[in-house]
**Student:** 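Take a look at the following structure, please.
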Amino acid sequence: MELPFAESYKIKMVEPIRKSTREERERWIKKANYNLFNLRSNQVFIDLLTDSGTGAMSDRQWASMMLGDESYAGASSYYNLKQAIKNITGFDYFLPTHQGRAAENVLFSALVSEGNVVPGNTHFDTTKGHIEFRKASAIDCTIEEAFDTTVDHPFKGNIDLNKLESVYLKYTNEQIPMVIVTVTCNSSGGQPVSMENLKDVYDLSKKYGIRVIFDSARFAENAYFIKTREQGYAHHTIKDIVAEMFSYADGMTMSSKKDAIVNMGGFIALKEEEVFKQAAQYNIIYEGFITYGGMSGRDMNALAQGLDEGTEFDYLESRIKQVAYLGQKLKEYGVPVQEPFGGHAIFVDAKRFLPHIPVEQYVAQTLAIELYKEAGVRGVEIGTLLADRDPATRENRYPKLELLRLAIPRRTYTNNHMDVVAAALKNVYDRRNDIKTGYKIINEAPILRHFTVELEPYVKESMGV
Ligand code: F0G
């Protein structure tokens, strides 16, 4: 008999989590103004809000923390991390930052100015936020297949080269400080970018003299998909694939809270010394001196170790197979999910799940609230709330997809937890026609509103409100 699949690690430390009653959850979510970010963690049973900083560190990572060097300047932990980044990415220049959006802030302070355009595959919300905050625009050049959850395409994170070239033709070089390739592409469903596409984007960009920056939060998961889906890579190691991927970039921003499996941290890595020097000035103002930049020595050590572990095939296989396990279960139950399954999360297609709820009533948020009420499972809306308003017109931006993201923390939950999540969503799916209306906004911030937005159930005007 063929042996079944099992994780490449065992558990050494556990943390209790608590179930609650439906009555408690209805009270808590109302008090949280129907915003799942406002819930306390002990009001959540299975927390799939994010895979960012929520993973379990290994014994080796914890051990490396004891060797952290907390010197302000020139700490050994800094050099340890610098070497690890060089080994994995090939980049010579690096700046530590406290997390991914801080890396964006520092790098964009050096490179992006008013009136610029920054093309890419669907930019993550903080990336877009940092671009728009500087009165520049992010232009989405993702392939069209990414926006149909029923189309099976192995690399839905790919950039459409025609769309990209039309941006390069329309604007001058001075207006385009970089193209950002997000690997894997979080906003379009944790979807990977093929090696071929990375190379083509690089070649096209070099032809036009444009810098290529990778938003690398989940670069190792992207490498796993290249190994398992792209012709010619089956026998390459993940580390070799990662090295080739980064050979098609001039630099990267990194949220280490994802594929480097640490609870906090980020960095910028670069080929060009000149950009490094400019960014270093901003790093010192915003983050800290260039040899710690917002990170303690022990955290830099854990990150160096995490970069090595996170680029091992056996670990990645355990991780991505768990995500697919949840996806497969949901598919069997008839729940509409984005396919093929992404690297870090399963994305439920809320428009197909609740077709009778209008997008103006925040359909993906409505589904997230229902799932929480059902079983204390917390996911996150990737839809109109996240998309914010257009900075010029202040109108709601309605994205093509309304998704409920179920992000799986790394090395944290078992497949039994995945079974609970799948059963809970099935129950919501079975009673979907009883969910008659969505929500309306009663308070929102001008930018990145989804973190703090306040909602109340939508009530039809004919019903007296
Ligand atoms: N880029 C991508 C692709 C991301 O997914 C994130 C964060 C960031 C940049 C910003 O990094 O959080 O360290 O400042 N994504 C988290 C998520 C928050 O839940 O997907 P950060």
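Both counts, for ligands and for their atoms, begin at 1 and track the order of listing. In this text, all values refer to a predicted model and were calculated from it rather than measured experimentally.
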**Student:** Could you work out, for atom 1 (N) of ligand 1, the closest of Thr97, Asp215, Leu49 by heavy-atom distance?
**Tutor:**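 Nearest option to atom 1 (N) of ligand 1, by heavy atoms: Asp215.
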**Student:** Phe246 and Phe219: aromatic ring centres closer than 6.0 Å?
**Tutor:**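 Yes, they do, as the ring centres are separated by less than 6.0 Å.
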**Student:** Is atom NZ of Lys206 surrounded by more than 12 heavy atoms (other residues, nucleotides or ligands) closer than 6.0 Å?
**Tutor:**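 Counting neighbours around NZ of Lys206, more than 12 heavy atoms of other residues, nucleotides or ligands fall under 6.0 Å, so yes.
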**Student:** Provide, to 0.1 Å, the distance between atom 8 (C) of ligand 1 and the closest protein heavy atom, together with that atom's residue and name.
**Tutor:**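 Going atom by atom, the protein heavy atom closest to atom 8 (C) of ligand 1 ends up being Phe124 CD2, 3.4 Å.
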**Student:** Please could you name the atoms of ligand 1 that Lys257 approaches to less than 4.0 Å, counting only its heavy atoms?
**Tutor:**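 Result: 13 (O).
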**Student:** For atom 10 (C) of ligand 1, grab the closest protein heavy atom and report residue, atom and distance to one decimal in Å.
**Tutor:**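 The protein heavy atom lying closest is Thr126 OG1, 3.5 Å.
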**Student:** For ligand 1 and Gly100, I'd like to know whether there is a polar contact (N/O to N/O, distance under 3.5 Å).
**Tutor:**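 So ligand 1 has an N or O lying under 3.5 Å from an N or O of Gly100.
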**Student:** Ignoring hydrogens and geometry beyond distance, is a side-chain donor-acceptor pair present between Tyr202 and Ser247 at under 3.5 Å?
**Tutor:**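 No.
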**Student:** Give the residue, atom name and distance (to 0.1 Å) of the protein heavy atom nearest atom 5 (O) of ligand 1.
**Tutor:**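 I find the closest protein heavy atom is Asn186 ND2, 2.8 Å.
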**Student:** Could you check whether atom CZ of Arg60 has more than 12 heavy atoms from other residues, nucleotides or ligands sitting under 6.0 Å from it?
**Tutor:**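 No, because the 6.0 Å sphere around CZ of Arg60 holds 12 heavy atoms or fewer from other groups.
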**Student:** Can you report which non-hydrogen protein atom sits closest to atom 13 (O) of ligand 1, along with the distance?
**Tutor:**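 Closest protein heavy atom to atom 13 (O) of ligand 1: Ser255 OG, 2.6 Å.
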**Student:** Would you mind telling me if ligand 1 is within reach of the side chain of Met264, the backbone, both or neither, using heavy atoms under 4.0 Å?
**Tutor:**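 No part of Met264 comes within reach of ligand 1.
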**Student:** Centre of Phe94's six-membered ring, under 6.0 Å away, within 45 degrees of the axis: is that where NZ or CZ of Lys82 sits?
**Tutor:**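 No; the conditions do not both hold, so Lys82 does not lie above the ring face of Phe94.
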**Student:** Considering only the protein, which heavy-atom contact is closest to atom 9 (C) of ligand 1, and what is its distance?
**Tutor:**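 Its nearest protein heavy-atom neighbour is Glu104 OE2, 3.4 Å.
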**Student:** Is it true that, when you exclude Arg298 itself, more than 12 heavy atoms of the residues, nucleotides or ligands shown sit nearer than 6.0 Å to its CZ?
**Tutor:**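 Check fails, neighbour count at 12 or below.
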**Student:** Does the side chain of Tyr282 come under 3.5 Å of the side chain of Gln278 through a donor N or O and an acceptor N or O?
**Tutor:**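 No, no side-chain donor-acceptor pair sits under 3.5 Å.
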**Student:** Using heavy-atom distances, let me know which of Lys258, His130, Gln99 sits nearest atom 7 (C) of ligand 1.
**Tutor:**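 Among Lys258, His130, Gln99, the closest heavy atom to atom 7 (C) of ligand 1 belongs to Lys258.
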**Student:** Against the six-membered ring of Phe45, is Arg18 placed for a cation-pi contact (under 6.0 Å from the centre, within 45° of the normal)?
**Tutor:**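 No; the conditions do not both hold, so Arg18 does not lie above the ring face of Phe45.
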**Student:** Identify, by atom number and element, the atoms of ligand 1 in contact range of Thr182, meaning under 4.0 Å from any of its heavy atoms.
**Tutor:**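 Those of ligand 1 that fall under 4.0 Å from Thr182 are 3 (C).
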**Student:** Tell me, which protein residue and heavy-atom name are nearest atom 12 (O) of ligand 1, and how many Å apart are they?
**Tutor:**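 Atom 12 (O) of ligand 1 sits closest to the protein heavy atom Arg101 NH2, 2.9 Å.
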